[in-house]
Amino acid sequence: MVKEGTKRTKAKGSDIATRDYTIHMSKRLYGVNFKKRAPRAIAEIKKFATKAMGTKNVRVDTMLNKHIWSQGVRNVPKRIRVRLERRRDEDEEATEKLYTLVKYVQVADFHGLQTTNVEA
């Protein structure tokens, strides 16, 4: 059981992080109408990044967007390897001090890939 009144604390320097993930798009887009698959793929990637990195502000890189749309609106790639970078937001009017940038990582084969921490 969790004790009452205990609070988790973040380790220092944990606000900035970079990780590589493989996202299985087929299972996230199963049953979605053909004309909505690529837009839903972008939304699912943002949802995945929000859950993985813990930031509400998620920005998708243009190369990732082009890769998703490269085969048209219907035929989204089955798997996508992405790099999630949690960064500090330099904007003074920002409500959150951190945001996540999602970049495309090109790989030849997805076999045996796992989530890895990337040193900057």
Side-chain angles (χ1 to χ4, degrees):
M1 296 292 276
V2 177
K3 294 181 182 176
E4 296 279 333
T6 58
K7 196 173 187 183
R8 288 187 176 191
T9 59
K10 287 186 182 178
K12 290 187 178 181
S14 67
D15 58 345
I16 297 176
T18 304
R19 295 187 204 116
D20 284 352
Y21 290 95
T22 301
I23 303 176
H24 191 194
M25 297 309 296
S26 292
K27 88 175 176 185
R28 287 173 170 79
L29 298 176
Y30 178 75
V32 176
N33 292 343
F34 279 147
K35 294 298 181 181
K36 297 180 182 177
R37 284 175 77 89
R40 175 71 71 88
I42 298 292
E44 290 292 327
I45 289 171
K46 286 185 176 185
K47 191 164 90 173
F48 178 85
T50 300
K51 185 176 178 183
M53 294 304 236
T55 61
K56 292 181 184 174
N57 189 356
V58 177
R59 302 172 189 178
V60 176
D61 189 41
T62 56
M63 291 301 292
L64 175 61
N65 192 37
K66 286 184 186 218
H67 179 68
I68 289 173
W69 284 87
S70 65
Q71 299 170 1
V73 70
R74 295 170 60 163
N75 300 316
V76 176
K78 302 247 185 274
R79 285 183 173 83
I80 297 174
R81 188 75 173 172
V82 294
R83 177 165 292 155
L84 302 183
E85 297 180 10
R86 187 168 48 217
R87 297 180 171 182
R88 287 193 182 96
D89 200 348
E90 302 297 329
D91 189 18
E92 279 102 32
E93 291 92 36
T95 56
E96 286 191 32
K97 64 178 185 175
L98 298 173
Y99 71 94
T100 302
L101 179 64
V102 186
K103 292 183 177 180
Y104 171 63
V105 178
Q106 192 170 8
V107 292
D109 189 20
F110 291 102
H111 184 71
L113 290 177
Q114 293 186 348
T115 300
T116 57
N117 286 326
V118 178
E119 299 299 324

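- Both I80 and V73 are assigned to one and the same hydrophobic cluster, defined by single-linkage of ILVMFWY side chains at heavy-atom distances under 4.5 Å.
- Under the 4.5 Å side-chain contact rule for hydrophobic residues, Y21 and L101 do not share a cluster.
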For this session: Determine, step by step, whether T50 and T100 satisfy the side chain to side chain contact (heavy atoms under 4.5 Å, CB included) criterion, reporting the C-alpha distance in whole Å, the side-chain angles of both residues, the deciding distance to 0.1 Å, and the verdict.
Result: CA-CA 8 Å; T50 300; T100 302; over 6 Å; no

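- The existence of a salt bridge linking K97 and D89 is excluded, since no basic side-chain nitrogen approaches an acidic carboxylate oxygen closer than 4.0 Å.
- In this structure, the separation between CG on D61 and NZ on K103 is 6.5 Å, given to the nearest 0.5 Å.
- A distance of 12.5 Å separates CZ of F48 from NE2 of H24, quoted to the nearest 0.5 Å.
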For this session: Decide side chain to side chain contact (heavy atoms under 4.5 Å, CB included) for I45 and I68; before the verdict, give the C-alpha distance in whole Å, the side-chain angles of both, and the deciding distance to 0.1 Å.
Result: CA-CA 11 Å; I45 289 171; I68 289 173; 3.2 Å; yes

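- For the residue pair A38 and G72, the shortest heavy atom distance occurs at CB-O, 4.4 Å.
- Within 6.0 Å of CD on E96 lie more than 12 heavy atoms contributed by other residues, nucleotides or ligands.
- Closest approach of A17 to M53, counting heavy atoms only: O-CE, 3.7 Å.
- Aromatic ring orientation, H67 versus Y104: parallel (interplanar angle below 30°, classes split at 30° and 60°).
- Cluster annotation: L64 is connected to V58 through the hydrophobic network of ILVMFWY side chains, with a link wherever side-chain heavy atoms come within less than 4.5 Å.
- Heavy atoms from other residues, nucleotides or ligands lying under 6.0 Å from CZ of R81 number more than 12.
- In this structure the side chain of R88 reaches within 4.5 angstrom of the side chain of L98, judged on heavy atoms.
- Cluster annotation: V105 is connected to L113 through the hydrophobic network of ILVMFWY side chains, with a link wherever side-chain heavy atoms come within less than 4.5 Å.
- In this structure, the separation between CG on L84 and CZ on R19 is 8.0 Å, given to the nearest 0.5 Å.
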Exercise. Does the pair I16 and R86 meet the rule for a side chain to side chain contact (heavy atoms under 4.5 Å, CB included), with working shown?
Worked result: CA-CA 5 Å; I16 297 176; R86 187 168 48 217; 5.8 Å; no

Problem set entry | I23 and M25: CA distance, side-chain angles, deciding distance, side chain to side chain contact (heavy atoms under 4.5 Å, CB included) verdict | CA-CA 6 Å; I23 303 176; M25 297 309 296; 3.5 Å; yes

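- The main-chain N or O of R74 is found under 3.5 Å from a side-chain atom of R37 such that the two form a donor-acceptor pair.
- The structure places OG1 of T116 at 7.5 Å from CZ of R83, a figure rounded to the nearest 0.5 Å.
- With rounding to the nearest 0.5 angstrom, the NE2 atom of H111 is 11.0 Å from the CZ atom of R79.
- Annotation: the span from R40 atom CZ to R28 atom CZ amounts to 12.5 Å, rounded to 0.5 Å.
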